[in-house]
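See below for the structure under consideration.
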Amino acid sequence: MVSSAITPTRTIAVLIGVAVIAVAGFAVVRSGVFEPETVQGAMPGPGSSSPSASVSAPPSPSVSPSPTRVPPAKPTTPGQIRAQNIADAKARLVEYYETTAQVANSGFKDWERRLVPFWGSFEIRDSMGAAYAQSLDVGQYTTGAARIESFRTTGYRAPEPKYERVGFEVCVDFSDVRTFEENGKEIRRQAGVPARYYLHYEMRHHGEDRGWAIDAEDRQVERAC
């Protein structure tokens, strides 16, 4: 693992297409190497509608106070903290996929501001950033969004005093994702690459100011799901 990237934030989407691939989707980071082939109305104010002087205004109806919302109790036991951390990391990964779909569907505009906060290591930031920058430069765009079909927690570590780590194996369906060149010509998915396969993610909590981010991604294209 590499220490956190520098952009702050707190806590399916799409497989990004790059210039010569036929799979729309994220760049592949395996040991820091990018593999492109896998890739209401208002009430009147006082005096605005005064009643006639000969008519008494009706009494105001009694209004019951709104119930007080009780915030959920904070996790305190190791098991509760672990479960909350896993849930938070999972929600962050789902948010990443959603944001990636929005970015790719809009021609990769503003990818750096929107996506860098999700990357927790320099390796994944550099590899993924290069793929997104290239897609923007050549005018590529996508339609559709991927769907995370399943989550499996593969590991959890809670070193003292913070910076917990969580591993996930996810099955992702990319069948609704299509990638296009600037002129509208579709880039077909590479022969032999399944539309559904497993990816493994390593996520780490980078402190209160940054929250959960992705430190590593391993695309297991050979494992269809």
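Both backbone and side-chain heavy atoms feed into the values below; hydrogens, waters and symmetry mates do not.
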Interatomic distance, Glu169 atom CD to His200 atom NE2 [nearest 0.5 angstrom]: 7.0 Å
Short N-O contact, Arg125 and Glu112, less than 4.0 angstrom: no
Full working for side chain to side chain donor-acceptor pair (under 3.5 Å) between Asn105 and Thr142: CA-CA 5 Å; Asn105 289 177; Thr142 69; 2.7 Å; yes
With Arg82 via salt bridge (Lys or Arg N to Asp or Glu O under 4.0 Å) - residues at least two apart: none
Ile81 side chain near Gln84 side chain, heavy-atom distance below 4.5 Å: no
Common cluster, Val94/Phe118, ILVMFWY with side-chain heavy-atom separation under 4.5 Å: yes
Under the side-chain contact (heavy atoms from CB on, under 4.5 Å) test, residues paired with Ala133 that sit two or more places apart: Trp111
Those residues that, when tested against Asp110, pass side-chain hydrogen bond (donor to acceptor under 3.5 Å, both in side chains) (two or more places apart): Arg113
Closest non-hydrogen atom pair between His205 and Glu208, with its separation: CE1-N, 4.0 Å
Contacts of type side-chain hydrogen bond (donor to acceptor under 3.5 Å, both in side chains), residue Arg114, not counting sequence neighbours: Gln102
N/O donor-acceptor pair under 3.5 Å between Gln80 side chain and Thr77 backbone: yes
Polar side-chain atom of Ser106 near backbone of Val103 as donor-acceptor pair, under 3.5 Å: yes
Nearest atoms (heavy-atom pairs only) where Phe168 meets Thr154: N-OG1, 3.6 Å
Residues forming a side-chain hydrogen bond (donor to acceptor under 3.5 Å, both in side chains) with Ser150, sequence neighbours excluded: none
Between Tyr96 and Trp119: side-chain donor-acceptor atoms closer than 3.5 Å: yes
Test side-chain contact (heavy atoms from CB on, under 4.5 Å) applied to Asn183 - qualifying residues, sequence neighbours left out: Glu181, Lys185
Shortest non-hydrogen contact between Leu199 and Tyr197, atoms and distance: CD1-O, 3.8 Å
Interatomic spacing from NZ in Lys90 to CH2 in Trp212 - rounded to 0.5 Å: 12.5 Å
Residues forming a side-chain hydrogen bond (donor to acceptor under 3.5 Å, both in side chains) with Ser175, sequence neighbours excluded: Asp173
Where at least one partner belongs to residues 75-126, residue pairs that pass disulfide bond (SG atoms under 2.5 Å apart), sequence neighbours excluded: none
Between OG1 on residue Thr100 and CD on residue Glu95, distance to nearest 0.5 Å: 10.0 Å
For Ile86 against Tyr156, the heavy-atom pair lying closest together: CG1-CD1, 4.0 Å
Phe151 reachable from Ile214 in the ILVMFWY side-chain graph, under 4.5 Å edges: yes
Partners passing ring-ring contact (aromatic ring centres under 6.0 Å, His included) against Tyr198 (at least two apart in sequence or in another chain): none
Steps toward side chain to side chain contact (heavy atoms under 4.5 Å, CB included) verdict (Phe108, Gln140): CA-CA 8 Å; Phe108 301 90; Gln140 289 181 355; 4.1 Å; yes
Closest contact, heavy atoms only, Arg204 versus Asp215: NE-OD2, 2.9 Å
Taking every non-hydrogen atom, the tightest pair across Ala213 and His206: CB-CD2, 3.8 Å
All pairs passing disulfide bond (SG atoms under 2.5 Å apart) where residues 184-225 contributes a residue, at least two apart: Cys171-Cys225
Rounded distance [0.5 Å steps], CZ in Arg157 versus CG in Asn85: 14.0 Å
Salt bridge (charged side-chain N to carboxylate O under 4.0 Å, His left out) between Arg147 and Glu149, worked out: CA-CA 6 Å; Arg147 298 190 303 273; Glu149 298 290 322; 3.3 Å; yes
Close side-chain approach of Arg165 to Met203, heavy-atom, < 4.5 Å: no
Pair listing, disulfide bond (SG atoms under 2.5 Å apart) test, anchored in residues 76-105, at least two apart: none
same_hphob_cluster(Tyr132, Tyr201) at 4.5 Å side-chain heavy-atom cutoff: yes
